[in-house]
Amino acid sequence: MTTRVIIVDDQAMVRAGFAALLAAQSDIDVVGEAPDGAQGVELSRRTHPDVVLMDVRMPEMDGLEAARLLLAPPPGVTHRPRVLMLTTFDVDDYVYEALRAGASGFLLKDAPPADLIAAVRVVASGDALLAPSVTRRLIADFAKQRPAARGKPALRLKALTERETEVLTLVARGRSNAEIAQTLLLAEQTVKTHVSRILTKLDLRDRAQAVVFAYESQLVTPGE
């Protein structure tokens, strides 16, 4: 199955480089490019990509606003792509907000080519790009700077079983399904089932939002 991708970045050289790299992969099809967020949203609505590579900082409309429009579309628009944020900075408030909005992760623009290709595949598969330590640090840093969201997030935790709470805690610490299975002595498929139920019960899009939720509800705290 081919993954359809669009690239949204205000630098033509960056778009061209990423497009050439991804188009060379037999399982990835680059179906369009856009120089700003507004045109990126329009292009996505027209081409229905599986993954949108979205630069954070752009003129006209930045990547955060564009991600919000794609991930919470207006009535009548049913297509919601996976969004992978691209940034020059390893810690960026915009990226944290994008994760809260439902982006599936972020990648530094100077990451090795193999990392970009792998990131597109990971996000297209429905998972979130949370493995790099910089992602966990970003979430922890901004969770630390912000007052914990009390009330509703903490109350929503009560919907989880004790085992689901354990799994969510490990997800928030950046553990993979295989690592969670090993820690809790469960089958990996069982962990996948728990993660799916957690996302459904908490009305979360993917693991990235689950991590943010775990910090904001104080299930886990930065530096644990």
Side-chain angles (χ1 to χ4, degrees), residues 1-73 77 79-139 205-209:
M1 183 175 176
T2 301
T3 297
R4 294 165 57 82
V5 177
I6 66 172
I7 302 165
V8 185
D9 194 295
D10 61 326
Q11 295 180 291
M13 290 285 285
V14 171
R15 294 198 308 272
F18 285 174
L21 176 66
L22 294 173
Q25 310 307 307
S26 61
D27 60 335
I28 298 176
D29 185 13
V30 178
V31 297
E33 303 172 25
D36 61 60
Q39 292 185 55
V41 171
E42 189 279 329
L43 178 64
S44 178
R45 299 262 164 84
R46 181 160 41 87
T47 60
H48 291 187
D50 301 301
V51 177
V52 177
L53 291 181
M54 181 78 72
D55 188 20
V56 172
R57 299 173 183 272
M58 292 180 289
E60 303 301 327
M61 179 187 291
D62 65 24
L64 174 58
E65 182 60 26
R68 284 174 173 155
L69 289 173
L70 290 176
L71 296 169
V77 177
H79 178 252
R80 289 206 310 172
R82 299 279 172 176
V83 177
L84 178 61
M85 305 301 295
L86 299 168
T87 180
T88 308
F89 309 98
D90 65 348
V91 175
D92 191 316
D93 198 15
Y94 279 87
V95 180
Y96 179 82
E97 292 298 338
L99 291 176
R100 293 187 69 191
S104 295
F106 89 103
L107 193 70
L108 296 179
K109 283 188 178 181
D110 60 359
D115 286 3
L116 174 64
I117 296 167
V120 169
R121 289 172 176 154
V122 165
V123 170
S125 73
D127 208 343
L129 193 68
L130 292 174
S133 60
V134 66
T135 304
R136 294 194 296 273
R137 188 174 75 246
L138 179 146
I139 294 172
R205 182 171 169 81
D206 56 25
R207 294 170 81 103
Q209 282 199 319

Checklist entry - Step by step, would you call T87 with L108 a side chain to side chain contact (heavy atoms under 4.5 Å, CB included)? => result CA-CA 5 Å; T87 180; L108 296 179; 3.9 Å; yes
Checklist entry - Between OG of S44 and CZ of R4, what distance do you get to the nearest 0.5 Å? => result 10.0 Å
Item to check | Rounded distance (nearest 0.5 Å) linking atom CE of M61 with atom CG of L69 | outcome: 5.0 Å
Checklist entry - Hey, what do you get for CG (L53) to CG (L22), rounding to the nearest 0.5 Å? => result 6.0 Å
Item to check | Side chains of V51 and T3 in contact at under 4.5 Å (non-hydrogen atoms) | outcome: yes
Next on the checklist: Is there a side-chain contact between P49 and H79 in this structure, where contact means two heavy atoms from C-beta onward sitting under 4.5 Å apart?
Outcome noted: yes
Checklist entry - Applying the side chain to side chain contact (heavy atoms under 4.5 Å, CB included) test to M54, which of D9, L70, L84 qualifies? => result L70
Checklist entry - Looking at NZ of K109 and CG of L116, how far apart are the two atoms once the value is rounded to the nearest 0.5 Å? => result 12.0 Å
Checklist entry - Considering only heavy atoms from C-beta outward, does the side chain of P81 approach that of H48 to under 4.5 Å? => result no
Next on the checklist: For A67 versus V83, what's the shortest heavy-atom pair and its separation?
Outcome noted: CB-CG1, 4.3 Å
Item to check | Gap between atom CZ of R57 and atom CE of M85 - 0.5 Å precision | outcome: 10.5 Å
Next on the checklist: Please find the pair of heavy atoms, one from E33 and one from A16, that lie closest to each other, and give the distance.
Outcome noted: OE1-N, 4.4 Å
Checklist entry - So do V8 and M58 actually touch side chain to side chain, heavy atoms under 4.5 Å? => result yes
Checklist entry - Are the charged groups of D10 and R15 less than 4.0 angstrom apart, N to O? => result no
Item to check | Carboxylate-amine/guanidinium contact D50 R82, below 4.0 Å | outcome: no
Checklist outcome for this item: Rounding to 0.5 Å, atoms CZ (F18) and CG (L107) come to a distance of 7.5 Å
Item to check | A111 versus D115, closest heavy-atom pair with distance | outcome: CB-CB, 4.1 Å
Item to check | Residue among I7, L21, I6, V120 satisfying side chain to side chain contact (heavy atoms under 4.5 Å, CB included) with V30 | outcome: I7
Next on the checklist: Let's go through D27 and R121 carefully: what are the C-alpha distance in whole Å and the side-chain angles of both, what is the deciding distance for side chain to side chain contact (heavy atoms under 4.5 Å, CB included) to 0.1 Å, and is it a yes or a no?
Outcome noted: CA-CA 9 Å; D27 60 335; R121 289 172 176 154; 2.9 Å; yes
Next on the checklist: Would L43 and Q39 count as a side chain to side chain contact (heavy atoms under 4.5 Å, CB included) here? Give the steps.
Outcome noted: CA-CA 6 Å; L43 178 64; Q39 292 185 55; over 6 Å; no
